[in-house]
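Atom set for the values below is all heavy atoms of this structure, side chains included, hydrogens, waters and symmetry mates excluded.
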Amino acid sequence: MTSLDPAARTPAPAVSKVLIWAGWSLTGLATLFMTFDIAIKLVDLQIVRDTLVQLGYPPELGRTIGVVELICLALYLNPRTAVLGAVLFTGVMGGAIATHMRVGDPLFSHVLFGVYLGATLWGGLWLRDTRLRALFPVRL
């Protein structure tokens, strides 16, 4: 059965391999960092417990945060749920930013780190997903 709609027969625009490689590279960097961060929380290292106390949280919360981040990462790495994973990670990063602001940590190294990581997560997804680029186009 053929469609009478000419737009349905229009081939998808060619996707630059450079964009896709750049996107997967950013995704890989963010994934490596998040994998390390999740691992140290799930293993329940003392540095995690000490840091949580310094930030005003109970030390036993590390594993719970690690599980939440693991779920976000799994969603982010699955192409069908990648946008949902990025949205949820944005929430996690927002909490981290607010926490660091509350305790008066340095702006560029601590407070804005969640912004850097969020931009890397979203940038990698935007570069490798044509639908996301169509939804949020860059106009110069």
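When hydrophobic clusters are built by joining Ile, Leu, Val, Met, Phe, Trp and Tyr residues whose side-chain heavy atoms come closer than 4.5 Å, directly or via intermediates, Leu135 is grouped together with Leu125. Put simply, Leu140 and Leu127 are part of the same group of oily side chains (I, L, V, M, F, W, Y) that touch within less than 4.5 Å, one to the next. When the side chains of ILVMFWY residues are joined at heavy-atom separations under 4.5 Å, either directly or via intervening members, Val92 and Val111 end up in a single hydrophobic cluster. A continuous path of ILVMFWY side-chain contacts below 4.5 Å connects Leu88 to Leu73, so both sit in one hydrophobic cluster.
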Check: residues 57-72 side-chain donor-acceptor pairs under 3.5 Å, at least two apart:
{"residue": "Tyr57", "atom": "OH", "partner": "Thr99", "partner atom": "OG1", "Å": "2.6"}
{"residue": "Arg63", "atom": "NE", "partner": "Leu42", "partner atom": "O", "Å": "2.9"}
{"residue": "Glu69", "atom": "OE1", "partner": "Lys41", "partner atom": "NZ", "Å": "3.4"}
{"residue": "Glu69", "atom": "OE2", "partner": "Lys41", "partner atom": "NZ", "Å": "3.2"}

Check residues 20-32 and write down every donor-acceptor pair under 3.5 Å in which the side-chain atom is one partner and the other belongs to a residue at least two apart or another chain.
{"residue": "Ser25", "atom": "OG", "partner": "Trp21", "partner atom": "O", "Å": "2.8"}
{"residue": "Thr27", "atom": "OG1", "partner": "Gly23", "partner atom": "O", "Å": "2.9"}
{"residue": "Thr27", "atom": "OG1", "partner": "Tyr76", "partner atom": "OH", "Å": "3.4"}
{"residue": "Thr27", "atom": "OG1", "partner": "Arg128", "partner atom": "NE", "Å": "2.9"}
{"residue": "Thr31", "atom": "OG1", "partner": "Thr27", "partner atom": "O", "Å": "2.7"}

Donor-acceptor contacts, no H, no angles, side chain residues 115-122, under 3.5 Å, sequence neighbours left out:
{"residue": "Tyr116", "atom": "OH", "partner": "Phe108", "partner atom": "O", "Å": "3.0"}
{"residue": "Thr120", "atom": "OG1", "partner": "Tyr116", "partner atom": "O", "Å": "2.9"}
{"residue": "Trp122", "atom": "NE1", "partner": "Thr90", "partner atom": "OG1", "Å": "2.7"}

Determine all donor-acceptor pairs shorter than 3.5 Å in which one atom belongs to a side chain in residues 77-84; sequence neighbours excluded.
{"residue": "Asn78", "atom": "OD1", "partner": "Arg80", "partner atom": "N", "Å": "3.0"}
{"residue": "Thr81", "atom": "OG1", "partner": "Leu75", "partner atom": "O", "Å": "2.8"}

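Residues Ala134 and Pro137 share a closest heavy-atom pair of O-CD, 3.6 Å. For the residue pair Thr51 and Ile47, the shortest heavy atom distance occurs at OG1-O, 2.7 Å.
To the nearest 0.5 Å, the span separating CD1 on Ile97 from CG on Leu112 amounts to 7.0 Å. Atoms CE and CG, from Met101 and Leu107 in turn, are 8.0 Å apart once rounded to the nearest 0.5 Å.
The side-chain contact (heavy atoms from CB on, under 4.5 Å) search around Val103 returns Leu55, Asp105, not counting sequence neighbours. Scanning for side chain to side chain donor-acceptor pair (under 3.5 Å) contacts around Arg131 gives Asp129, with sequence neighbours left out.
No donor-acceptor contact under 3.5 angstrom links the side chains of Gln54 and Asp50, judged on distance only.
Side chains of Phe113 and Met93 form no contact here, defined as non-hydrogen atoms less than 4.5 Å apart.
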